[in-house]
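In what follows, a single structure is set out as structure tokens and then discussed.
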There are 2 protein chains.
Amino acid sequence: MAMNTDYARTLLKQHGLTITEPRVFVLSLLRKFDTPMSINDIMEKSKHTIALSTLYRVLADLSHAKIVTTFSSPNQKLLVELLDEEREHHHHLYCESCEKVFDVSLGEELEGMIEKLISKIGETHQIDIQEHSFEMYGSCNNTGQHSLRRN
Amino acid sequence: MAMNTDYARTLLKQHGLTITEPRVFVLSLLRKFDTPMSINDIMEKSKHTIALSTLYRVLADLSHAKIVTTFSSPNQKLLVELLDEEREHHHHLYCESCEKVFDVSLGEELEGMIEKLISKIGETHQIDIQEHSFEMYGSCNNTGQHSLRRN
DNA sequence: TTTAAGAATGGGAATCATTCTCATTTAATG
DNA sequence: CATTAAATGAGAATGATTCCCATTCTTAAA
Ligand SMILES: [Mn+2]
Ligand SMILES: [Mn+2]
Ligand SMILES: [Zn+2]
Ligand SMILES: [Zn+2]
């Protein structure tokens, strides 16, 4: 536990952010579970000791500092994950029955091809492409709920 | 114009949906512009003659009937596009300065590799992967607004 | 250590997109 | 045309996110 809060403090210091209880809590939590978490996940784990508005601000701050990254699940819920240097570029697989999110690396070969293709596409459209995302949606056999989907 | 409404009526009939003014309008519009449109785009073009709630329902109906498909831009705005049989599987490139969305086809080779990779990933995670999306984000030189992004 | 100044927080109001409700209108069918 | 189910319009309700402001922390200097 202390390990994780130390990690959090160090990270904040490194990025020139002030060390506050909500920020440390959020970072420790993300490190502890090492998986993308939603606003509600974090609120529940904090037993609602953090104000919702604070959580949004903390995430925005951490995101601007590139300490975390945010993205949306198919049901449009905001998800946050740590953005370590050692954490390599990766993509996500969403299971719509059990609502889990898995990190997926495409591998050098494919990622390389994609890079090449992207620069070609960028030229064609005269657009400087800075980012790409590749996401997969599926379901394990647990249920047929499709609970990650809106509609 | 008449061409487009005929197209719309035919499409609705083919899919067993009743022909109503809002549905015909939306489909004609999508065909006329042949580009993904947002809720606001459609409302403006309709000069607000369609109720907002109706538009949402119409899009849900058309989407369930697989006549259109919806997806979200990086700023989380809902976008709709026609889903013709002749329109092949494709992906999207978002320009964050001029807010345009471009259709992009990856090409057989890459799409084939991705399919193979996906089935491998599906096995690894014991998940039946039904869909994938590949999106690119960039900006042309028009402005540096990044207006498609939230934050 | 104390203190001052700015930064961050909590709580609640405001905003925005989307969904829901229900009374009224319309489409399809014979 | 009349009937009946389906669709619509208008606005209320909901849910997520942002905004506001008074209060509380953090930090760094004295
Ligand atoms: Mn991840
Ligand atoms: Mn498209
Ligand atoms: Zn699952
Ligand atoms: Zn552009």
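Atom set for the values below is all heavy atoms of this structure, side chains included, hydrogens, waters and symmetry mates excluded.
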Separation of [N] [atom2] from [X] [atom1] (nearest whole Å):
| X | N | atom1 | atom2 | value |
| --- | --- | --- | --- | --- |
| Lys13(A) | dA7(C) | NZ | C1' | 17 Å |
| Phe25(A) | dG10(C) | CZ | C1' | 16 Å |
| Ile42(B) | dA17(C) | CD1 | C1' | 15 Å |
| Leu78(B) | dG15(D) | CG | C1' | 16 Å |
| Leu12(B) | dA6(D) | CG | P | 16 Å |
| Leu79(B) | dA17(C) | CG | P | 13 Å |
| Gln76(B) | dG15(D) | CD | P | 19 Å |
| Leu52(A) | dC19(D) | CG | C1' | 13 Å |

**OP:** For residues Pro36(B) and Asp41(B), report the shortest heavy-atom separation together with the two atoms involved.
**Re:**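 The answer is O-OD2, 4.5 Å.
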Subject >> Exercise: identify the closest heavy-atom pair between Asp61(B) and Leu17(B) >> reply: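 Heavy atoms only, the tightest pair is O-CD1, 4.3 Å.
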**OP:** Using a 4.5 Å cut-off on heavy atoms from C-beta on, say whether the side chain of Ile114(A) contacts that of Leu106(B).
**Re:**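 No, their side chains stay 4.5 Å or more apart.
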Original post:
Picking from dT17(D), dA17(C), dT8(D), which would you name as closest to the side chain of Ile39(A)?
Top reply: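 Minimum distance to the Ile39(A) side chain belongs to dT17(D).
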Original post:
Of all the nucleotides listed (dT9(C), dG9(D), dA7(D)), which has the minimum atom distance to the side chain of Arg23(A)?
Top reply: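 So the side chain of Arg23(A) is nearest to dT9(C).
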Subject >> N-O pairing of Asp84(A) and Arg31(A) below 4.0 Å >> reply: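 Salt bridge flag = no for Arg31(A) with Asp84(A).
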Original post:
Parallel, tilted or perpendicular: which describes the rings of His125(B) and Phe102(A), with under 30° parallel and over 60° perpendicular?
Top reply: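 Ring orientation, 0 to 90° scale: tilted.
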**OP:** Ignoring backbone atoms, test whether Tyr56(B) places a side-chain nitrogen or oxygen under 4.0 Å from the OP1 or OP2 oxygen of dT18(C).
**Re:**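 So the side-chain polar atoms of Tyr56(B) do come within 4.0 Å of the phosphate oxygens OP1 or OP2 of dT18(C), strictly under.
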Original post:
Considering the options His90(B), His92(B), His91(B), which one meets the ring-ring contact (aromatic ring centres under 6.0 Å, His included) requirement together with Phe71(B)?
Top reply: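 Of His90(B), His92(B), His91(B), ring-ring contact (aromatic ring centres under 6.0 Å, His included) with Phe71(B) is met by His92(B) alone.
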**OP:** For Ser38(A), answer base if it contacts any base atom (sugar-phosphate contacts may also be present), sugar-phosphate if it contacts only those atoms, and nothing otherwise; contact means non-hydrogen atoms under 4.0 Å.
**Re:**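 No contact at all - Ser38(A) keeps every heavy atom at 4.0 Å or more from the nucleic acid.
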Original post:
Do we see a donor-acceptor contact under 3.5 Å between the side chains of Glu131(A) and His89(A)?
Top reply: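 No pair is found: no donor N or O on one side chain lies under 3.5 Å from an acceptor on the other.
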Original post:
So which one's nearest nucleotide on DNA chain D is more toward 5', Asn40(A) or Thr54(A)?
Top reply: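 Result: Asn40(A).
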Subject >> Summary of protein contacts for nucleotides 21-30 of chain C, nucleotide by nucleotide, where a base hit scores B, a sugar-phosphate-only hit scores S (4.0 Å, heavy atoms) >> reply: B-----SS--
